[in-house]
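Structure, as C-alpha cells:
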Amino acid sequence: MPEDLKVGVFICECGGNISDTVDIQKVKDSLNVEVVEQFVNLCSLNGRKIIRDAIFDHHLDRVVIAACSPISHEKTFQDYVQPLNPYLMDMANIREQCSWVHNDKDRATKKAITLINASIEKVKKSDAVNPIYCQTPNEVAVIGGGIAGMNAALSLAKQGTKVTIIESSPSIGGHMAKIGKVFSPVKIAEECGMCLLNPILNEVVWNENIEIITNAKVIESERRAGTYNLIVEKSPRYVDTEKCIACGKCAEVCEVEVPDDWNDGLSNRKAIYRPFGQSYPEAYVVDMEHCDRCGDCKRQCSMNAIRFKVKPEKIPISVGSIIIATGHKLFDPDLRPEYGYSRYDDVITQSELGRITGVNGPTKGKLVKSNGEIPKRVVMIQCVGSRDEKPDGHLYCSKVCCSVALKNANIIKHKHPETDVVICYTDMRTPSMYEKYYKHTQANGVRFIRGRPGEVVKRKGNFIVRVEDTLKREFSEIEADMVVLSTAMEPSEGTKEIAEILNVGTTEDEFIKEAHPKIKPVTTDIQGTFVCGTAQDPKDITESIMQATAAASKVSEYNYGGIEIEPFIAEIDEEKCIVCGECVERCKFKSMSIQDDEIYIDPMSCTGCGKCLVGCKQFAITVNGNIDEKIKATIDGVLAKKEPGERMILVFLDNIGYTAADNIGVNRLSYPESIHIIRVLSVNRVRPRHIKHALENGADGIFIGEFPGDLMYDEVERKIEKVKERIREVNQNPDRITFSKVYIPYYSGLANKLNDFDKKIKELNESE
C-alpha cells in the first residue's frame with residue numbers, strides 16, 4: 001500500500017445539524033490531509049460537484065465524507081466519488097453518533113476529530129474492489145396465500161412475472177375468509193368480507209401466471225448466484241382435485257365429526273370436508289388425523305376421486321425472489337385463566353364473535369349464547385396479550401384490536417339495539433379516519449370504560465367482570481352474559497419456520513424484520529427476500545394490501561435491474577485448496593458447496609464473516625477488501641490522539657447494531673464521549689488479535705454487540721468468552737470486555753448498556 005496517498009476530507013454542515021454542535025473550523029485545522037472542504041449539504045448536487053472537482057484538481061486517492069450515517073447516504077457518496085472506486089471512500093458518522101448524542105461543543109468537536117481520523121486511517125487500507133452483479137430469474141415464490149400474499153402475487157402476475165403461491169392450509173384465503181364483515185372508516189358501514197375477498201381470489205385462480213400449491217410448505221432453501229432453489233413439501237389431500245366436483249356426498253356419509261377450525265371450533269365438520277364454501281381448490285380434503293379409514297366416502301364417490309394411498313410429494317422450485325406473507329396467529333386466551341375462557345362457554349374471542357355474526361358462520365349470523373338466547377349485555381376486554389407485561393404477554397400493541405372491537409360492537413347494536421355493549425379498554429387507538437368510526441360507535445350507544453378487567457367470575461348464572469375504572473378511579477363489577485376477549489396478534493408458526501429456513505432476521509417478537517423501518521419497509525436483511533402483511537407486524541387488511549403491492553413493486557425493481565452485491569466475500573485460491581469440504585461444513589450461511597470438484601461460493605449468501613477462513617488448514621481462503629487491516633487501522637485511528645486520563649471505549653457493531661446506535665442519535669438520547677462505534681460487516685471479523693491490539697494501545701474497554709437472531713451469535717459469544725480467559729491468564733481484567741445482545745427497535749436499551757459499561761470502565765480505571 002503506497003505511503004503517500006492523497007486523502008480528501010469533506011465535511012457536511014447538514015443544515016446546522018452538525019455545525020451547531022461541532023466546531024467545523026477547529027476540525028479542519030486539526031486534519032493532516034491533502035484537502036479539506038465543507039458544505040452546508042454535501043448530499044446535494046452542488047455537494048457532488050465540490051467532491052468531484054476536488055478529486056480531479058488535487059488528484060485524490062482516497063476520500064472521507066464526514067457527515068451523517070452511511071446507512072442513510074453511503075450509496076449516494078459512492079456515486080459522488082466517481083471516477084474513484086466506490087470502496088475508496090469511507091464515511092465518518094459525525095451526526096447520529098456525535099452531534100446528536102453529545103451536547104458539549106468542545107467534547108463533540110474532539111469526538112468528531114477522532115471519528116474522522118479513524119476513517120482516514122481506515123480508508124488508507126482500503127482496496128479498489130468492484131461490486132458483484134447478478135441477474136435473477138423473473139420468477140417469484142409467494143409464501144402464504146392470505147390477502148397479502150394473493151395481492152402480491154396478483155400484482156406481479158399482471159406484470160408478466162411467473163408466481164408460485166405456497167400455502168400451508170388446504171385453501172388460499174387466509175384469515176380474511178373467516179372475518180365475516182369488514183368496515184370502512186369513510187363509509188361508516190360494515191360490509192361482507194367474503195364479497196370483497198371473492199373477486200381477488202377468483203382473479204388469482206384465473207391468472208395464467210400464477211400457480212397455487214396448497215397443503216404445502218418450504219422445507220429447504222439454497223441460494224446460488226441470484227436464484228433460490230426451494231424444496232416444497234406438498235402434503236396429500238387424499239382427494240384428486242382434478243376429479244372432485246365438490247358434490248359433498250362423501251361428507252354426507254362420513255360419520256366422524258371434529259371441531260371445525262374455520263368456525264374456530266364453534267361447530268363441527270366431517271373428517272372429509274371442504275374448508276369453506278368458496279375455498280380453492282374447489283375440492284374436498286381428508287383430515288387423516290381424525291379419519292377412521294372406514295372407506296364409506298371412497299365407496300360413495302362416483303368420480304373415484306378419493307385416494308388413501310398417496311404420499312407427500314417434494315417439489316423443487318427455482319425463483320429469483322421470495323415474498324414472505326405467512327400471516328399471523330392469535331394469542332391463546334387460556335394463558336390468561338383469570339378470564340375463564342376454557343371454563344365458560346360464553347367467554348369467547350373477537351375472532352369467534354366474527355364467526356358467530358357472519359352469515360356463513362355456525363349460527364348463520366344470529367347473535368346467540370351457548371343456550372340459544374340473545375345476550376342482554378356483552379362486555380369486551382381489550383389488550384388480552386397485547387401491551388401486556390405478564391408472562392407470555394407482548395409489549396407491543398396489536399394495532400387492529402380496538403377497530404375490530406368497534407366493528408363487532410356496531411354489528412351487535414345494529415341487530416340488537418337493546419343489547420348493552422361495554423368495551424373495557426387500556427387506550428382506544430383509532431388513528432386517522434378511524435376516529436370517525438369511534439365517534440359513530442359512541443353515538444350508537446356503546447359504552448366505554450377505561451381499565452383492563454382483572455377477573456371474570458360467574459355468579460348466579462351471570463358473569464361478573466371486575467374492573468378498575470381508571471378515569472373515575474373506582475372499582476366496579478359489571479354483570480354480563482357474554483364476554484369477548486380481544487386477543488393479540490402473534491407471528492404464525494409458518495413465519496418462524498420460514499425465517500429460520502431462509503436465514504431471514506426477525507424482531508425480538510419473532511416477526512420478520514425489515515432492513516430499515518423507514519426507507520426499506522418491505523425489504524428484509526437477505527437480498528431478494530421481501531415481506532408483507534402480518535408476517536412483518538400486526539396490521540389491518542388495508543395496510544396489508546398496501547404493503548403487498550409495495551413488496552411486488554420492489555420485486556419487479558429487483559428482478560428487472562439485477563442485483564449489486566457488496567464485494568466483501570470469501571474467495572478461494574484453487575492452487576492451495578484441496579477440496580476437503582471443511583469450509584462447506586463450517587459455513588452457517590450455506591453459501592459454500594462443492595461443484596465439479598471445486599469449492600463454489602455463492603456471492604448472494606456469503607456475508608464475509610470469515611468463519612471459513614479461520615478453519616482452512618491450507619490457508620486457501622481470503623476475504624476481499626482487506627477487512628482485517630481496515631479494522632486494525634480504524635482502531636489505531638481512534639486511539640492515535642488519546643490524551644492522559646482520557647477514557648476510550650471501542651464498540652464493534654454490525655449493520656443491525658449500527659442501525660440501533662443510529663436510532664439513539666435520531667431520538668436524541670445520549671451516551672458518553674468515551675464511546676467510539678466501529679462498524680464491521682460481521683462482528684465475527686473482530687479477531688482476538690484486534691481486541692488484544694486495542695487494549696495494548698490504549699483502549700479502556702471493548703464492547704461487542706450482536707443481534708441474537710444472527711446465525712453467528714453463538715459463535716461470537718463463545719469466542720468472546722475465550723478471549724476473556726486469555727486476558728485473565730495474562731493478569732488483565734476480563735471485565736474490560738463485554739458482549740451484548742442488540743436489537744434495532746430497542747435502541748434505548750443499547751444506550752443504557754453503553755452508559756452502564758462506561759461507568760463500569762470508569763470504576764475499573766479508578767480502582768486499578
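- Using modelled atom types, no side-chain atom of T534 and backbone atom of D537 make a donor-acceptor pair closer than 3.5 Å.
- At a threshold of 4.5 Å between non-hydrogen side-chain atoms, the residues K329 and E493 count as touching.
- Residue I664 comes nearest to L754 through the heavy atom pair CD1-CD1, 4.3 Å, listed as atom of the first residue, atom of the second, then distance.
- Using modelled atom types, one finds a donor on one side chain and an acceptor on the other under 3.5 Å when comparing Q350 with S486.
- Between the K407 side chain and the G354 main chain, no donor and acceptor come within less than 3.5 Å of each other.
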Test log, rule salt bridge (charged side-chain N to carboxylate O under 4.0 Å, His left out), inputs D420 and R447: CA-CA 8 Å; D420 187 21; R447 295 193 291 140; 2.7 Å; yes

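- T659 places a side-chain N or O within 3.5 Å of a backbone atom of N655 that can act as its donor or acceptor partner.
- In K520, the NZ atom is not crowded: 12 or fewer heavy atoms of neighbouring residues, nucleotides or ligands sit closer than 6.0 Å.
- Between Y396 and E508, the side chains place no donor N or O within less than 3.5 Å of an acceptor N or O (distance only, hydrogens not considered).
- The closest donor-acceptor contact from the side chain of T363 to the backbone of I356 lies under 3.5 Å.
- Using modelled atom types, one finds a donor on one side chain and an acceptor on the other under 3.5 Å when comparing Y434 with D540.
- Annotation for G393 and F331: closest pair CA-CE1, 4.5 Å, computed over non-hydrogen atoms.
- The closest side-chain donor-acceptor pair between E490 and H328, if any, does not fall under 3.5 angstrom.
- Scanning both residues, C402 and T430, for their nearest heavy atoms gives CB-CG2, 4.5 Å.
- Annotation: the span from H175 atom NE2 to M489 atom CE amounts to 7.5 Å, rounded to 0.5 Å.
- Between the side chains of S342 and D334, a donor-acceptor pair is found at a separation under 3.5 Å.
- Cation-pi check for K458 over F463 is met; the charged atom lies under 6.0 angstrom from the ring centroid and within 45 degrees of its normal.
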One pair to check against side-chain contact (heavy atoms from CB on, under 4.5 Å): T214 and S171. What are the steps and the verdict? CA-CA 6 Å; T214 55; S171 171; 5.7 Å; no

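- N263 places no side-chain N or O within 3.5 Å of a backbone atom of G265 that could act as its donor or acceptor partner.
- For R237 and N215, the side-chain atoms include no donor-acceptor pair closer than 3.5 Å.
- With a 6.0 Å radius and a threshold of 12 heavy atoms from other residues, nucleotides or ligands, R473 has its CZ atom at or below the threshold.
- In this structure, M150 and I210 have side chains that are not in contact, with every pair of non-hydrogen atoms separated by 4.5 Å or more.
- Other residues, nucleotides and ligands contribute more than 12 heavy atoms inside 6.0 Å of the CE atom of M428.
- Side-chain N/O atoms of D481 and N462 include no donor and acceptor closer than 3.5 Å.
- Counting heavy atoms from C-beta on, the side chains of I478 and I449 come closer than 4.5 Å.
- The aromatic rings of F448 and Y438 sit perpendicular to each other, their planes meeting at more than 60°, with 30° as the lower class boundary.
- Residues H414 and N444 meet the side-chain proximity criterion, which asks for heavy atoms closer than 4.5 Å.
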Under the salt bridge (charged side-chain N to carboxylate O under 4.0 Å, His left out) criterion, do D287 and K270 qualify, and how do the steps go? CA-CA 8 Å; D287 178 359; K270 300 296 181 69; over 6 Å; no

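- Sparse packing is recorded around CD of E255, with 12 or fewer heavy atoms of other residues, nucleotides or ligands lying under 6.0 Å away.
- In this model, a donor atom of one side chain and an acceptor atom of the other lie less than 3.5 Å apart for N667 and Y747.
- At most 12 heavy atoms of other shown residues, nucleotides or ligands fall within 6.0 angstrom of atom NZ in K741.
- By the 6.0 Å and 45° rule, R355 stacks over the aromatic ring of W262.
- The closest donor-acceptor contact from the side chain of D264 to the backbone of L266 lies at 3.5 Å or more, if one exists at all.
- The number of heavy atoms from other shown groups lying within 6.0 Å of NZ (K496) is above 12.
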Taking it one step at a time, do E477 and R459 satisfy salt bridge (charged side-chain N to carboxylate O under 4.0 Å, His left out)? CA-CA 11 Å; E477 293 186 345; R459 183 193 300 161; 3.4 Å; yes

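- For K472, the NZ atom is loosely surrounded, since the number of other residues' heavy atoms within 6.0 Å does not exceed 12.
- Scanning both residues, V483 and L485, for their nearest heavy atoms gives CG1-CD2, 4.0 Å.
- Side-chain atoms of D388 never come within 3.5 Å of backbone atoms of V384 as a donor-acceptor pair (strictly under, hydrogens ignored).
- Contact check for L502 versus I322: side-chain heavy atoms found under the 4.5 Å cut-off.
- Of all heavy-atom pairs between I501 and S221, the closest is CG2-CB, 3.8 Å.
- Looking at Y280 and N202, their side chains never bring a donor and an acceptor atom within 3.5 Å of each other.
- The shortest heavy-atom contact between A551 and C532 is CB-CB, 4.2 Å.
- Taking the ring axis of Y339 as reference, the NZ or CZ atom of R336 does not stay both within 45° of it and closer than 6.0 Å to the ring centre.
- Using modelled atom types and a 3.5 Å distance limit, the side chains of S740 and K753 yield a donor-acceptor pair.
- Judged by distance alone, the side chain of E500 and the main-chain N or O of E497 form no donor-acceptor pair under 3.5 Å.
- The closest side-chain heavy-atom distance from I323 to V531 is not below 4.5 Å.
- Remark: E474 CD is packed, more than 12 non-hydrogen atoms of other residues, nucleotides or ligands lying under 6.0 Å away.
- Residues E282 and V205 fail the side-chain proximity criterion, which asks for heavy atoms closer than 4.5 Å.
- The shortest distance between side-chain heavy atoms of Y743 and P708 falls below 4.5 Å.
- Judged purely by distance below 3.5 Å, without hydrogens or angles, the side chains of T426 and R387 never pair a donor atom with an acceptor atom.
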